[in-house]
Amino acid sequence: MKYFGTDGFRGEANVGLTVEHAYKIGRFVGWYYGANRERKARVIVGKDTRRSSYMFEAALVSGLVASGADAYMLHVIPTPGVAHQTVEGCFDCGIMISASHNPYYDNGIKLINGQGEKMDEDTIALVEAYLDGHLECFGQTWDEIPFAHQEQIGCTVDDVSGRNRYVGYLISLGLYSFRGRRIALDCANGSSWNIAKAVFDALGATTLVINAEPNGLNINRDAGSTHIGGLQKFVVENHCDVGFAFDGDADRCLCVDETGMEITGDHILFICGRHMKQTGELLGNTVVATVMSNLGLFRALDDLGIASAKTAVGDKYVYEYMTKNNCRLGGEQSGHIIFSKYASTGDGILTSLKVMEVMCAAKKTLHQLASDLTIYPQKLINVRVKDKKAAQADAKVQEAIRAAEEKLGDTGRVLVRESGTEPLVRVMVEAQDAALCAQCCEEIAQTIRAQGWAL
């Protein structure tokens with residue numbers, strides 16, 4: 001795809017992603033879902049707290065109504081909230097304006113189908129064709145798509161009640177009272193800032209919140225799941241039982257146990273997978289992870305008699321595998337965890353509730369629950385590059401990768417891949433020996449730099 005990566009169309013606001021792009025995406029979506037029908041298309045729109053999200057929201061909605069769609073505006077809400085309400089409200093399509101964990105000056109547009117899932121690639125290809133001015137659709141070629149006229153022009157609807165229904169749904173999933181529990185939340189100054197605390201308060205927790213004062217410029221800044229150090233310190237200093245850190249659009253969740261130790265997505269898959277096996281909820285007896293998950297997770301699952309599957313990196317691929325194979329639990333090391341019985345995408349707040357459910361059911365601390373998982377030393381270096389594919393294909397880089405694999409033998413592994421959302425090559429090495437792990441990773445990253453690919 002030219003514009004859309006694994007997690008939508010993403011770029012620096014008004015540089016890689018412009019208001020013209022947003023307007024045209026709105027124009028296409030509003031027309032496409034209303035064409036050849038006797039009713040107008042209905043599209044639901046949410047956004048995160050970036051300053052540019054308001055600009056893109058206005059452009060998208062203008063395009064939608066100009067093409068004849070009715071646009072329902074959820075305003076600031078997590079991405080999974082848009083997905084949930086797309087299904088709950090029987091909308092034709094959902095749109096989320098967010099660049100997830102990226103810095104504030106980036107933004108993105110994520111398209112969600114009527115089943116609450118990431119949009120299929122065939123439809124995305126049509127969107128891209130329209131952006132490039134050569135659309136072939138519905139059996140003909142379109143130089144431009146028609147505007148709606150008179151009563152066919154769409155309207156906008158302030159759908160605050162939809163956001164409230166999403167909050168109510170999350171509260172309904174709490175099987176235990178959290179009374180007496182001190183729970184810390186890091187909202188990353190993002191989409192969860194005015195939702196997560198309401199959910200935990202409703203379930204009886206003493207809820208302490210940090211990074212819940214968005215100003216449009218501080219989303220993810222030294223906060224949330226990508227900068228978890230602040231929450232680790234806060235949990236210990238405030239004697240909390242557990243801490244949960246979300247990213248900018250709250251589709252990720254990482255945890256901090258009562259000792260201040262980080263609990264990754266791999267830990268969450270292990271803890272919840274074991275519990276779901278015990279309760280008979282783990283359909284297919286399989287946990288779905290990605291190639292980035294730690295070797296320790298796969299070995300621990302094997303010891304529990306739980307099968308595991310590996311997919312390409314991206315919650316999109318995890319969910320596709322889960323759907324095809326009727327699996328109930330899957331996710332990524334980064335904290336995208338999918339509980340397919342309850343959601344069609346990763347949902348950070350839902351994930352935190354399911355972790356709390358295991359703690360309450362087992363009557364154990366999070367540290368105790370995580371202690372049975374041994375994580376192998378893992379080193380990840382992100383190298384910003386001019387050309388992701390060419391950097392990886394470079395002969396010297398390939399030679400460095402082979403040399404690292406020979407050094408590690410059966411005691412570790414090497415994974416070099418391109419980011420689906422940023423101009424990065426990610427170099428990951430995993431090994432039983434931490435020093436060897438770091439050495440091999442740095443040698444590969446340094447080769448990429450030495451070959452002149454780094455920005």
Query raised in the report: Going by distance alone, is a donor N or O of one side chain under 3.5 Å from an acceptor N or O of the other, for D92 and Y32?
Result: no
Requested in this report: Decide whether D48 and S53 meet the rule of one side-chain donor and one side-chain acceptor closer than 3.5 Å.
Outcome: yes
Query raised in the report: OG of S334 to CG of D315: how many Å apart, nearest 0.5 Å?
Result: 8.0 Å
Query raised in the report: Between R182 and T206, is any side-chain donor less than 3.5 angstrom from a side-chain acceptor?
Result: no
Query raised in the report: To the nearest 0.5 Å, how far apart are CZ in F246 and OG in S225?
Result: 9.5 Å
**Report entry** Between D251 and T79: side-chain donor-acceptor atoms closer than 3.5 Å
**Finding:** no
Query raised in the report: Taking the six-membered ring for Trp, is the centroid-to-centroid distance between W31 and F138 below 6.0 Å?
Result: yes
Query raised in the report: Regarding N294 and Q333, is there a side-chain donor-to-acceptor distance under 3.5 Å anywhere?
Result: no
Query raised in the report: Excluding sequence neighbours, so at least two apart, what forms salt bridge (Lys or Arg N to Asp or Glu O under 4.0 Å) with E136?
Result: none
Query raised in the report: In chain order, what residues pass the side-chain hydrogen bond (donor to acceptor under 3.5 Å, both in side chains) check against D7, with sequence neighbours excluded?
Result: R10, K110, K118
Query raised in the report: Under 3.5 Å, is there a donor-acceptor pair between the H101 and D247 side chains?
Result: no
Query raised in the report: Any luck finding a side-chain donor-acceptor pair between H227 and N220 under 3.5 Å?
Result: no
